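Every chain is numbered from 1 and lettered A, B, ... according to where its sequence line falls, protein lines coming before strand lines. Nothing here was measured: the structure is a model prediction, and the numbers come from that model. Below, all heavy atoms of this structure are taken into account, side chains as well, without hydrogens, waters or symmetry copies.
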2 protein chains.
Amino acid sequence: MKVSLEHFFANRFTDADNEIPEVVQYFKPLKVAKDELLLESGMVCHSLYFIVSGSLKTSFIDAKGQETIRHVAFENQFLSSLHSFIKQTASTEFIYAIEASELQFISYNDFQKLISETTLFRDFYIKMLETTYLNNHWRIETFLRLSAKERYEYLLTHKKEMVQRLSNKNLASYLGITQESLSRIKAKK
Amino acid sequence: MKVSLEHFFANRFTDADNEIPEVVQYFKPLKVAKDELLLESGMVCHSLYFIVSGSLKTSFIDAKGQETIRHVAFENQFLSSLHSFIKQTASTEFIYAIEASELQFISYNDFQKLISETTLFRDFYIKMLETTYLNNHWRIETFLRLSAKERYEYLLTHKKEMVQRLSNKNLASYLGITQESLSRIKAKK
DNA sequence: CTAAAACATTGACAAATGATAAAAAATCAC
DNA sequence: GTGATTTTTTATCATTTGTCAATGTTTTAG
């Protein structure tokens, strides 16, 4: 599947669609291989990525040295190490391509410029923060009161793409459980 | 402890502080008793609350009928059922006062008005979404790779006020564990 | 102040998940 | 295509957390 940045804005921000060319010109294309590192923990994240095709993840290394996946994004979604990007401070997480991916990215400076100069991008930024909020919200709810098995079933029902496109290893990490537990959960169904 | 809305804005939004009186006039005072309900699940949340003194929580009822606390706020913080408030759709959660509290609240209409009319409030709204993001971020991280005991210790170190001001019942609910487990965790220290 | 209700603690046991190890299966690099 | 590497599955056992029940403690309503 392949999507475009123009369509993304045209479909969602009809009020200020005359500003689309102005906004889109600041994005640069980038192709990355499967498993390619886009941001190292400890570095400042300078880019916000739009996914044309493929998938990205943000992750950190836990106390036991295991990679733990905090967020995953597919086509038509944006991803960054948001805290680092917004504040231009060192990131506590990595960004990796999960699959080979085509991206469009914008630098922090151009991002700021567009925020101050265009209504479209300001609306987009608020919308992005809201979407991020909703995403984190359901994720916290699933952790608060669902067992590992129920969290897996929640993804199967509500986020099927994640189950289909992530390896067991990545999926287990995203669910906050071990690979072995996930394997058992899947076997029991 | 008691704080004021004027100080909140004056301390954080120095760029546009001439707009503070314009913004503050739309907030109305409200006193609520301990355990008082401010928003019922299924209703549309019409208010954003600033806490002058006391504390509020947002919670939902899980599959087993247990109250589960998603978020807690103290003095000098804002709280709402944000999804419901932003989209003016039915809330999936309740808002309760934990302690007797003094609040200042703004209606959705006045909120929208201030967003469109003042730089201060637009800046504030983005800041609020960012703060919310950071809060959800650490919460997800603690769920992903920490045990119940480690999550409790995390709160002790980084959010001591929560441990001090919440009942065991509320704290256990916020941590996503049973009261009994929390009681045992505390006893073992 | 007192009785009732809510909350907190403790114990015994059950269920879920993690740790470790080993084997099977899939994927990758050349 | 083949051997090496990584991922997935399976099994056993240990640990954590939940469930249920009983009891002690604190808070609340009148």
Worksheet item: N168(A) has an atom CG; how far is it from atom P of dT10(D), in whole Å?
Response: 11 Å
Worksheet item: Are I140(A) and L134(B) joined in one hydrophobic group, where the rule is that I, L, V, M, F, W and Y side chains link up if heavy atoms are under 4.5 Å apart?
Response: no
Discussion item. Between Q88(A) and H46(A), is there a side-chain donor-acceptor contact under 3.5 Å, judged purely by atom types and distance?
Written reply: yes
Discussion item. Return whichever of S147(B) or D35(B) has its heavy-atom-nearest nucleotide of DNA chain D closer to the 5' end.
Written reply: S147(B)
Discussion item. Tell me the interatomic distance from L182(B), atom CG, to dT9(C), atom C1', rounded to whole angstroms.
Written reply: 11 Å
Practice prompt. Rounded to the nearest angstrom, tell me the gap between atom CG in D62(B) and atom C1' in dT19(D).
Written response: 14 Å
Worksheet item: Under the criterion salt bridge (charged side-chain N to carboxylate O under 4.0 Å, His left out), which of E93(A), E67(A), E99(A) is the partner of K57(A)?
Response: E67(A)
Worksheet item: According to a strict under-4.0 Å criterion, is S181(B) in side-chain N/O contact with OP1 or OP2 of dG18(D)?
Response: yes
Discussion item. Under 4.0 Å, heavy atoms only, any strand: does I177(A) hit a base, just the sugar-phosphate, or nothing?
Written reply: sugar-phosphate
Response to the item:
The residue, E180(A) or R151(A), whose nearest nucleotide of DNA chain C is more 5′ is R151(A)
Worksheet, complete the sentence: Rounded to whole Å, CG of L146(B) lies from P of dT16(D) at a distance of 14 Å
Item to complete: Let me know the distance between CD of E67(A) and C1' of dT7(D), rounded to the nearest Å.
Response: 14 Å
Worksheet item: Would you say a side-chain N or O of S183(A) is under 4.0 Å from OP1 or OP2 of dT9(D)?
Response: yes
Worksheet item: Would you say dG18(C) has OP1 or OP2 under 4.0 Å from some side-chain N or O of T178(A)?
Response: yes
Fill in: Between P of dT17(D) and CG of L175(B), the distance in whole Å
11 Å
Discussion item. Of the options dA19(C), dT7(D), dA8(C), whose atoms approach the side-chain atoms of K169(B) most closely?
Written reply: dA8(C)
Response to the item:
side-chain hydrogen bond (donor to acceptor under 3.5 Å, both in side chains) test vs S91(A) passes for just one of S80(A), S81(A), S84(A), namely S81(A)
Worksheet item: Can a donor-acceptor pair under 3.5 Å be found between the side-chain atoms of R184(B) and the base atoms of dT19(D)?
Response: yes
Discussion item. With heavy-atom distances below 4.5 Å as the criterion, would you say the side chains of R139(A) and L144(B) are in contact?
Written reply: yes
Worksheet item: NZ of K34(B) versus P of dA6(C): gap in Å, rounded?
Response: 13 Å
Practice prompt. Can you tell me the distance, in whole Å, between the CG atom of L144(A) and the P atom of dG18(D)?
Written response: 12 Å
